[in-house]
Asker: 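Pasting in a structure now, in structure tokens, and then I'll have a few things to ask.
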There are 2 protein chains.
Amino acid sequence: MGTLHILLVDDHPVVRAGLRAMLTGFEDFSVAAEAADGDAALRELTRLRALGERVDVVLMDLQMGAGMDGVAATAAIGKLDSAPPVLILTTYDTEADILAAVEAGASGYMLKDAPPEQIRQAVLSAAAGQTALAPKVAALLMSRISSPETALTPREVQLLELLATGLTNRAIARRLFISEATVKTHLVHIFGKLGVDNRTSAIALATQRRIIRAPGQ
Amino acid sequence: MGTLHILLVDDHPVVRAGLRAMLTGFEDFSVAAEAADGDAALRELTRLRALGERVDVVLMDLQMGAGMDGVAATAAIGKLDSAPPVLILTTYDTEADILAAVEAGASGYMLKDAPPEQIRQAVLSAAAGQTALAPKVAALLMSRISSPETALTPREVQLLELLATGLTNRAIARRLFISEATVKTHLVHIFGKLGVDNRTSAIALATQRRIIRAPGQ
DNA sequence: CCGCCGGTCAACCTTTTGATTGATCCGCCC
DNA sequence: GGGCGGATCAATCAAAAGGTTGACCGGCGG
């Protein structure tokens, strides 16, 4: 099927160089362009299209120091006509990260410590329109669907994330454009599912179970 | 002074590839070997020495998925006879990471998002026996020593640790055999020093600054 | 088409947390 | 030996968080 044209999006020059070296080492892989954040990624994508050049897969980091982050960029790319598949390649494997990426329309989720061959396979899968998940990620998703009664909804995970940053109920409400009453309702549900009865315990447990990242990480 | 021989230590193949590509792109830089964790780094170092090959600088990540971490490896390398300088190259710029690295004998601390030229200069400085700090890191250290009045007492740190496990004031009081009133007093002091006004923010900030371990870790 | 679930909101009440003030005790350093 | 800071405790008030009940809406699947 010819050469695969890849767009790299990562804020670390070192990581971009590494990915470029790794990918161009594979046959039929070619790095069409690179971007350091989500905004730049969109610009590159439209620029390449204007030139009539193909982009078969976008390889995207989630954490960006500045500018649009990976989730937002993934969602934005998905809105384009005949959008290329976006394969997430990141360091963290928490539920919150994974759920956000999947909701944004990512077609795969790989971890940076994966062996090169696994990454190569994931890129090929994504280009073929299939889903590619790191084994760890797949396991996590499986455990979620096998015990749905205790699984937190995406909204609840989102609440939990804001909770862990130290926001009050009122602040969370304002951030999400909902009422404080709704925040409390969500928290009661979260506490019930986690088996705790206050916010700090919820944060501790959620961090332990890798539902959310450690505060400030 | 001839070619600089560098030992790369990072658990991510992608990052190692990137660094190798970047470094070998510079004149007089050569990657002598690579290692995925601290144990492997020590093995590589002794192996190269047995072969009579030089290692002028060790480029070390702090976070390792498994095996000996960067701080331990740095300390271990420092114990060798005529040990090469260890330059830390990592993602995080938190107090505790930096202090731990410096205490372990690191001769520099750079961040992965630094431009290649800055990394090159840091490697050269380290090889010349000088200290190289990323601007961000230098700024953080300066701000810390200029404001010692915000330092937490050991007792306060202990409170903070229990706080992060999700205990209520009453539970903390029982755990420490003190009254709830005393717990409240401590918390007021902690909040004041950290510049926050509730326990979840205190946990988030303290975790961020690596004053305490992440909840449940 | 109806039921269920996720998300939203409100009222009400109890408990916990946070802020303030003021006090005692002890060890340490000048 | 007087001062200072850390740790301890108490009383009180205000604010935030937590628990309960009940309600409405929209989408999705049987």
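Lettering follows sequence order; numbering is per chain, from 1. Just so it is clear, the values below take in all heavy atoms, side chains as well, and ignore hydrogens, waters and symmetry mates.
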Asker: Side chain of R155(A): nearest nucleotide among dA17(D), dT8(C), dG18(C)?
Answerer: dT8(C)
Asker: May I ask you to evaluate whether T185(B) reaches the phosphate of dA7(D), defined as a side-chain N or O under 4.0 Å from OP1 or OP2?
Answerer: no
Asker: Using a cut-off of 4.0 Å on non-hydrogen atoms, how would the nucleic acid contact of T182(A) be classed: base, sugar-phosphate, or nothing?
Answerer: base
Asker: Mind calculating the distance between CG (L159(B)) and P (dC9(D)) to the nearest angstrom?
Answerer: 12 Å
Asker: Could you check which of dC9(D), dG19(D), dG18(C) has an atom nearest any side-chain atom of L187(B)?
Answerer: dG18(C)
Asker: Which listed nucleotide (dG7(C), dG19(D), dA10(C)) is nearest to the side chain of T153(A)?
Answerer: dG7(C)
Asker: Between dG18(C), dA16(D), dT8(C), which nucleotide gets closest to the side-chain atoms of R199(B)?
Answerer: dG18(C)
Asker: Quick one: H189(A) NE2 to dT8(C) P, roughly how many Å, whole number?
Answerer: 12 Å
Asker: Using only heavy-atom distances, determine whether the side chains of T185(A) and T182(A) contain a donor-acceptor pair under 3.5 Å.
Answerer: no
Asker: Closest approach of A202(A) and L194(A), non-hydrogen atoms and distance?
Answerer: O-CD1, 3.9 Å
Asker: To the nearest Å, how far apart are F177(B) CZ and dA7(D) P?
Answerer: 18 Å
Asker: For the side chain of A181(A), counting heavy atoms from C-beta on, which of dA10(C), dC9(D), dG18(D) is nearest?
Answerer: dA10(C)
Asker: Between K112(B) and D10(B), is there a side-chain N and carboxylate O pair less than 4.0 Å apart?
Answerer: yes
Asker: So, does D39(A) use its side chain to make a donor-acceptor pair with the main chain of M68(A) at under 3.5 Å?
Answerer: yes
Asker: Has the side chain of E156(A) got a donor or acceptor atom that lies under 3.5 Å from a matching backbone atom of T153(A)?
Answerer: yes
Asker: Quick check for you: among dC9(C), dG18(D), dC9(D), whose closest atom lies nearest to any side-chain atom of I178(B)?
Answerer: dC9(D)
Asker: I need the NZ-P distance between K184(A) and dG19(D), as an integer number of Å.
Answerer: 10 Å
Asker: Hey, which of these two, N198(B) or E180(B), hits DNA chain D nearer its 5' end, going by closest nucleotide?
Answerer: E180(B)
Asker: Starting from C1' on dT8(D), measure out to CZ on R175(B) and report it in whole angstrom.
Answerer: 20 Å
Asker: How long is the line joining NE2 of H186(A) and P of dC5(C), in whole Å?
Answerer: 16 Å
Asker: How many Å lie between CG on L176(B) and C1' on dG6(D), as a whole number?
Answerer: 15 Å
Asker: Check the distance between dC9(D)'s P and I172(B)'s CD1 and give it to me in whole angstrom.
Answerer: 14 Å
